[in-house]
There are 2 protein chains.
Amino acid sequence: MAGARSDSKLKKSEVVAGRIRDYIVNHELKPGDRLPTEGEFAKRFGVSRVAVREATTALGFLGILDAAPRRGLTVGRVSMKKLSRYLGFHFAVGNYPAEELIATRIVVETGGLAHVVERMACDPSIYQQLDAINSELRKARELNEWIKMDIRFHCSLVAASGLRGLAALNDLVQVFFRRFREDFPKALWKSGVESHQQIIDALRRGDCAKATELLTEHIGSHRARVGKPAEVESDFAE
Amino acid sequence: MAGARSDSKLKKSEVVAGRIRDYIVNHELKPGDRLPTEGEFAKRFGVSRVAVREATTALGFLGILDAAPRRGLTVGRVSMKKLSRYLGFHFAVGNYPAEELIATRIVVETGGLAHVVERMACDPSIYQQLDAINSELRKARELNEWIKMDIRFHCSLVAASGLRGLAALNDLVQVFFRRFREDFPKALWKSGVESHQQIIDALRRGDCAKATELLTEHIGSHRARVGKPAEVESDFAE
DNA sequence: AAATGGTAATTGTATTATAATTTGGTCCTG
DNA sequence: CAGGACCAAATTATAATACAATTACCATTT
């Protein structure tokens, strides 16, 4: 009942945003291409510049377009970083249950391992990079630093699969997961780093099954702590 | 070089959006909770109401909050459907390579299968639901209808894992994948439906390995068609 | 020809006004 | 006294306008 309006009656700025979207699609514009100015759109759509402005601002948030004085509007690039800045926290609010989030992490991260093994066989620098990050992690002395490096390790692990789409999804998952790292006890840091080491060593050996087992265990170790309930809708399904 | 501004100099509306986000986090607000009015925020942040309005509009696009006259601002629910309206088309513009998108789909969809088998054993209605959707798909006579039902089948398949986070990610992937369905030849519809049937039958038998193999093959069959190159950044990994 | 500075175009921000909508209360009626 | 209808106030929705800030482009000068 809450979002009933979203279909029955679109706000004007949403309509305008849709028309700008259509403009991009119909003209087959690619990132970097220029769009008409805000005033131009306002005149063309017969609305005030404020309405256009709200639409362009919102689309700017999504990374769909960029706006700069004198340059005007240009088609942008979707940036997961930009998105996660606003969406990541919301999953902390919307509360997916811990168990589901952990299981999702396992799926996404282990899903990339086979590709990692494949690429690592051709390119030894991949191992070195992961190893270097883990060394940094070992040197962490403060929680925020540790969190940052731990996230970087896991993101790099998935990125090493070469599947940028999967890496993008993983970026999101990691952000949603952040709250579980906030109270990660220092006593467990060391064993975490060792887990990482074992995982990348298994990958270098080409032992994908072992790496999968270790990573599943590693992520699953978070189950020890917490798990709030929640209610989150899924969309298309049903 | 394009998005350099995004870190060096945030627009005021982005700053305001960030502060509203922080407000929600700091007050531990949950979906449905009320926020101060736009005027209130404007006074509190020392900016004009237009700046607040741009922020709230953008956050409204993302589903992070709802705004209604007299009711004011309330914390919203993230809706993948809402997001995909604006992001889906952009991935068609931003162009992930087909191969990567296919591989990502395989990871996400097959990753949920083990959970599906588990839940299906306890709840036969899950099979019935998937079977019903596939029957609908079999009756499709028009491309748009077919696309819609095919997406619904695959989304329901992942949703059947019970992992709502994974289902949300999958919703996104399906939207990004849409462009590959646009020119799906009618001649292949029938074999697609049969693949679906074999998959859910394998799941009902508890044969997860077979289902995984079939689904991998099913999704991979898209490889026959196309594959544009692209350049898309990944974020955290570097 | 290159560098430098100015100018104009375009977005960024603020102010104000008015319309539309919805909640909540109040008043009237049975 | 209860219930419904209506009215009013609060709040968002939209618009019009003005000015500041920024920067791409051009002209001018050295």
Side-chain angles (χ1 to χ4, degrees), chain A residues 1-20 23-24 29 31-76 82, chain B residues 1-20 23-24 29 31-76 82:
Chain A
M1 197 177 288
R5 190 195 73 261
S6 58
D7 259 309
S8 56
K9 193 173 184 184
L10 259 50
K11 288 194 296 187
K12 179 156 283 188
S13 54
E14 288 179 311
V15 174
V16 172
R19 294 192 66 174
I20 294 176
Y23 182 94
I24 295 175
L29 299 182
D33 289 351
R34 294 192 50 170
L35 277 67
T37 66
E38 292 182 350
E40 187 76 19
F41 274 131
K43 207 168 59 182
R44 180 190 296 240
F45 298 156
V47 300
S48 75
R49 217 194 103 197
V50 177
V52 176
R53 174 136 262 279
E54 285 181 346
T56 57
T57 303
L59 293 177
F61 270 57
L62 296 170
I64 287 172
L65 53 81
D66 278 331
R70 178 71 204 193
R71 175 154 40 93
L73 304 173
T74 54
V75 178
K82 220 167 192 175
Chain B
M1 195 175 290
R5 191 196 69 261
S6 58
D7 259 312
S8 57
K9 194 172 181 182
L10 260 53
K11 288 193 297 190
K12 180 153 283 188
S13 53
E14 289 180 310
V15 175
V16 172
R19 294 192 66 174
I20 293 175
Y23 182 94
I24 295 175
L29 300 181
D33 289 351
R34 295 192 51 170
L35 276 67
T37 66
E38 291 182 351
E40 188 77 20
F41 273 130
K43 206 168 60 181
R44 181 189 299 240
F45 297 156
V47 299
S48 76
R49 219 195 100 198
V50 176
V52 175
R53 173 138 261 281
E54 286 181 344
T56 56
T57 304
L59 294 176
F61 270 58
L62 297 170
I64 286 171
L65 53 81
D66 277 332
R70 175 72 200 188
R71 174 152 42 89
L73 304 173
T74 53
V75 179
K82 214 168 193 175

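By convention in this document, chain letters (A, B, ...) are assigned in the order of the sequence lines, proteins followed by strands, and residues within each chain are numbered from 1.
- The nearest whole Å value for the distance from the NZ atom in A:Lys43 to the P atom in D:dT17 is 15 Å.
- Of the candidates A:Thr74, A:Val75, A:Leu29, A:Leu73, A:Thr74 is the only one forming a side chain to side chain contact (heavy atoms under 4.5 Å, CB included) with A:Arg34.
- Atom CD in B:Glu54 sits 11.0 Å away from atom NZ in B:Lys12 (nearest 0.5 Å).
- Mapping A:Ser13 and A:Pro69 onto DNA chain D by nearest heavy atom places A:Ser13 closer to the 5' end of the strand.
- Scanning all heavy atoms of the two residues, the minimum distance from A:Ser13 to A:Ala55 falls at O-CB, 3.6 Å.
- Listed in residue order, the members of residues 33-42 of chain A having a heavy atom less than 4.0 Å from DNA chain D come to none.
- Rounding to whole angstrom units, CZ of residue B:Arg53 and P of D:dA15 are separated by 11 Å.
- For A:Lys11, no side-chain nitrogen or oxygen approaches OP1 or OP2 of D:dT12 to under 4.0 Å.
- Taking every side-chain heavy atom of A:Arg70 into account, D:dT23 is the closest of D:dA13, D:dT23, D:dA16.
- Inter-residue side-chain proximity for B:Arg49 and B:Phe41 is flagged as unmet; no heavy-atom pair is nearer than 4.5 Å.
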Using a cut-off of under 3.5 Å, enumerate the N/O to N/O pairs linking the protein to nucleotides 4-6 of chain C.
none

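- Looking at heavy atoms from C-beta onward, B:Ile20 lies in side-chain contact with B:Thr56 at the 4.5 angstrom threshold.
- The listed nucleotides are C:dT13, D:dA13, D:dA10; the one nearest the side chain of B:Glu54 is C:dT13.
- A:Asp66 contributes atom CG, which lies 11.0 Å from atom CG of A:Leu59 (distance to the nearest 0.5 angstrom).
- One can find a donor-acceptor pair under 3.5 Å joining the base of D:dA13 and the side-chain atoms of B:Arg49.
- One atom, NZ of A:Lys12, and another, P of C:dA19, lie 15 Å apart when rounded to the nearest Å.
- As a whole-Å value, the separation of B:Arg71 CZ from C:dT22 P is 9 Å.
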